[in-house]
Structure formats: structure tokens, C-alpha cells
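Everything on this sheet refers to the single structure shown next.
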Amino acid sequence: MGRLKDGLILLAGGREVIRNYDVSYVFRQGSDFLWLTGVEEPGCALLLDPKRRTSALYMPRIDDHHRVWEGHVPSPAEARRLYGVERVAFTDELPKALKKARSGHRRAYANEAALKSWGSSLKGLKPAPAVLTDALEELRAVKDAGEVALMRRANEVSGAAHVAVMRGARAGMREYQVQALFDSACLAAGLKHLAYPSIVAAGDNGAVLHYRKNNAVLKAGQLLLIDAGAENGGYAADITRTFPVSARFTRRQADAYDVVLATQKALINAAKPGVNSADWHVLSMRLIAEGLRDLGLLRGSTDALVETGAVRLFYPHSIGHLLGLDVHDGLGGSKRKLPNPTKVPVRFVARLEAGMAVTVEPGVYFISALLESKAQYDKHKDLVDFARARSWLGLGGIRIEDDIIVRAKGLPLNLTSVPKERRDIEALRRSAGHG
Ligand code: GLY
Ligand code: MN
Ligand code: MN
């Protein structure tokens, strides 16, 4: 309300979506609505009046038939206590309420879903859905202590699930059986929503960035990459680990792993308020370029490897992203967005601030679509040893991803504590009986 003083603010929450007949998709509240209200029920709306400084939650009118099938739904009086709004009413009363509330306002800061349902009651007010979304994304980017506590728990549970996977994954299993280990550990701990579909990728599948088939057999000698996280109170964990299906890394796996791990640690230490995230990403490219040059896969100056994009053949994504109620949280309006001072494409360009939650996820991949491409060969043959790089195909990908909170002073708070040192991973695999 402090940000959008000159308009009426109306948000529709998420609605149930029918999958077939009387079966709905699993409902998950829209993140903006969840951030503002904490309401996990579908079909609600929130009306904020900055002039009069009032808040009202509108809920579907529930009949006895619904109660028979769905059980208890909070009454308006209960909802007022639960969600801390001044007024609770039914959504069928909203058009009348809008008629009254709109007087004295020039604009309607309504989200798209609200405009669809109640746009006719807002006619004449200038609708500005993008301004509302931007303001909410901006507010959501910096986390308060309560949010950090929720994220910490999401990470603890997801981290324990990663450890369960590191212990339980074995040659002969299918990737989906590993996924089942992860998912069931999260559910058993009370976190019933995953933040995104788990990526479980053995061997060459690890080179597919958004691999989702999860149906291949794990083989001795392969690496297993798992990118998975649950959400707690809506707040996501986003964690990746890569470990050998046998107890030990091979020489090549170890060499590539060490490049990624050293890069990841340096990047965590470099995450400070004031750092431009584009420069941070470039630092990750430089470190990976230097590591791969030491392995004989790249040659030439670090600057050239970054500026020509040669390093992107092995590292084709960004260092990380904002994290929160969405696994890829947005940056919002113009206040934080910066022009990109670098020549490389990067996911978000902003100054890091204390309280921002960010992922740190460098990776190295051996992707045949890139390493066997004639166009890439012609473009990068001076800087990339293609013959050598192709001999690494099949290794797949290595990504190590932790979730951090940038702090005003000192190192960031690392929410993720899953083993990532090679010796710790190997010790854990050995202790779980893998040979
Ligand atoms: N799990 C998606 C990502 O790491 O961004
Ligand atoms: Mn991520
Ligand atoms: Mn991830």
C-alpha cells in the first residue's frame, strides 16, 4: 500500500484447474497472493485500499455439499484471525464492495486474473497489472527473518533428502527410483510440494540441462546429477549434487568436478552487497574457462574464452537466480535492474543486496549438440580443443548448486549443507556400501 498509494489494489488468488471430470490438478497458491496473505485455499481475492488503509479478504462461499466432500473450510471469523486481515467476506460480495471502494481512486492495481473476473467493476480506473507485479516482485526479492527461517527449513529437509539419495542410489536402479528416494524423504518430513520437478540424470543425461525423463538405468562408473528441492510454506529449496554411481570419481570426473567446486566456492565468497550479478556471472565464466584450460580443453586468454563465448560450450547457463516463493523469483521493476555492463548474456542483472536469496550453481557439461556441431567448430576451433573435448563426451554434466542469503557484512549465509567435497562424498558412498 505504501508503494501504490494512488490506486485500489485487487489480487485474485489461484483457482483450481480441472484435469478431467471432477479431478483437479494439485492446487498451489499463486506466489504473490501467498506472499501477501498466507492463504493456501483456492478461489480467494484480496482488496487493499491504500487511501483508507484497509484490507479485505474474499473467500468462496462454501456450501454443505462442499463440506461433505472437502471437510472444514475456515469461516470468515476464523480466517480473519488466521490471516490478519481486517475484513473477510465472500467473493460474491466483491462487486458491491468494489463499487464503494473505487471512489477517490484513479487507478486499479489489479493482477490479470482479477481483471478477468472483476474488470467490469473496475471500468474507468486505469488498470496497471504490470506495475503491481513489479512492485510485488521487488518486495519479494529481499527476505525478512521469518522468510529466511522458512527457507532454512526447506533446505534442511531437501538437504537430508539429497543425503538419502547419496546413500541409497546404486547401479542397476532407474533414475525414477532415485527420484522416489528424494521425493519420499521430503514428503515424510512434512513438505508435500516440491519446488520444481526433480532432475535425476545418470551419465550422459546429466548434459541435458532440463532433463526430466528420469527413466534410465544407473551404471557403475557413471556420474549421477540430481537437481531437486522441496518447498516449505511455499519457499523453495533448489539444490544440485553430482556424485559417482560407484564409490569413487574417475580421474576425469574428479578433474571436472574440482573445477566446478572451486568455482562454486569462490562465487559464494564473492556474493556481497553491491556486486553486479552480471560481473558475478562473468567471474564464474572466467574461473571455469581457466579450469578447463588447465585440463587442455580450452586454450587462449581468459578474456577471449569469455568474450567469444567459447567457455559457454561447456557452461551454457547462468551462475544463478533469485530464489523465494518461486524457484526462479523475479526482480520486479526498474529500481534494481541494471544495464548489462558485460558482453555476455546473463539471467538477471542487478546489484546484490543484503537479504537476497540466490542460488550459486556453476556447471561443466559435455554436450554433443555443441561439441559435434560444425557451426560451433568453425566458430571456436582456435580456442577449443574439439578432438579432446569430444573424447570427454558421455561423462555428462557436473553441477553443484547451493542456496545462499547475501548478508550486509561478511560471507553469505549458506542454507545448503549437503556434502560436496569429493572426499566427503566418496566416504559417504563407501559407508553406504557402494564399491
Ligand atoms: N532447478 C532449476 C534451476 O536450478 O534453476
Ligand atoms: Mn537453480
Ligand atoms: Mn536447480
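Positions are given from 1, in the same order as the sequence printed here. Because the structure is predicted, anything quoted here is derived from the model rather than measured.
Applying the side-chain hydrogen bond (donor to acceptor under 3.5 Å, both in side chains) test to D294 and every residue at least two apart in sequence or in another chain returns nothing. By the side-chain hydrogen bond (donor to acceptor under 3.5 Å, both in side chains) test, Q29 is found to be paired with no residue, residues two or more places apart in sequence or in another chain being considered. Partners of D329 under the side-chain hydrogen bond (donor to acceptor under 3.5 Å, both in side chains) rule, at least two apart in sequence or in another chain, are R140, K143. Looking at residues two or more places apart in sequence or on another chain, you find a side-chain hydrogen bond (donor to acceptor under 3.5 Å, both in side chains) between E401 and T240.
A donor-acceptor contact closer than 3.5 angstrom is absent between the side chains of D238 and H328. Side-chain polar atoms of R351 and S277 form no donor-acceptor pair below 3.5 angstrom.
Every pair passing salt bridge (Lys or Arg N to Asp or Glu O under 4.0 Å) that includes a residue from residues 361-374 is listed here, sequence neighbours excluded: E361-R399, K374-D378. Residue pairs that meet the salt bridge (Lys or Arg N to Asp or Glu O under 4.0 Å) test with at least one member in residues 305-315, sequence neighbours left out, are E307-K343. Evaluation of the salt bridge (Lys or Arg N to Asp or Glu O under 4.0 Å) test over residues 155-183, restricted to residues two or more places apart or in two chains, returns none. Residue pairs satisfying the ring pair (Phe, Tyr, Trp, His ring centres under 6.0 Å) criterion with at least one member in residues 165-197, sequence neighbours excluded, are listed as follows: H162-F182. For residues 369-424, the set of pairs meeting the ring pair (Phe, Tyr, Trp, His ring centres under 6.0 Å) definition, not counting sequence neighbours, comprises F366-W392, Y377-F386. Counting only residues at least two apart or on different chains, the side chain to side chain donor-acceptor pair (under 3.5 Å) pairs with a member in residues 424-435 are R429-H434. Among residue pairs with one or both ends in residues 270-291, those qualifying as salt bridge (Lys or Arg N to Asp or Glu O under 4.0 Å) are R286-D303; sequence neighbours excluded.
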Donor-acceptor contacts under 3.5 Å from residues 254-263 side chains, at least two apart:
{"unit_1": "D255", "atom_1": "OD1", "unit_2": "R251", "atom_2": "NE", "d": "3.3"}
{"unit_1": "D255", "atom_1": "OD1", "unit_2": "R251", "atom_2": "NH2", "d": "3.1"}
{"unit_1": "Y257", "atom_1": "OH", "unit_2": "K420", "atom_2": "O", "d": "2.6"}
{"unit_1": "D258", "atom_1": "OD1", "unit_2": "R422", "atom_2": "NE", "d": "2.9"}
{"unit_1": "D258", "atom_1": "OD2", "unit_2": "R422", "atom_2": "NH2", "d": "3.0"}
{"unit_1": "T263", "atom_1": "OG1", "unit_2": "V259", "atom_2": "O", "d": "2.7"}

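When atom types are taken as modelled, the side chain of Q253 and the backbone of G221 share a donor-acceptor pair closer than 3.5 angstrom. Using modelled atom types, no side-chain atom of H317 and backbone atom of L209 make a donor-acceptor pair closer than 3.5 Å.
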Check the pair T91 / M59 against side chain to side chain contact (heavy atoms under 4.5 Å, CB included), numbers first and verdict last.
CA-CA 5 Å; T91 40; M59 307 182 75; 5.9 Å; no

Verdict with supporting geometry, E231 and R28, salt bridge (Lys or Arg N to Asp or Glu O under 4.0 Å)
CA-CA 11 Å; E231 59 179 45; R28 200 279 196 175; 2.9 Å; yes

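Across every non-hydrogen atom of T416 and D403, the tightest pair is OG1-N, 2.9 Å.
In this structure the side chain of F249 reaches within 4.5 angstrom of the side chain of L223, judged on heavy atoms.
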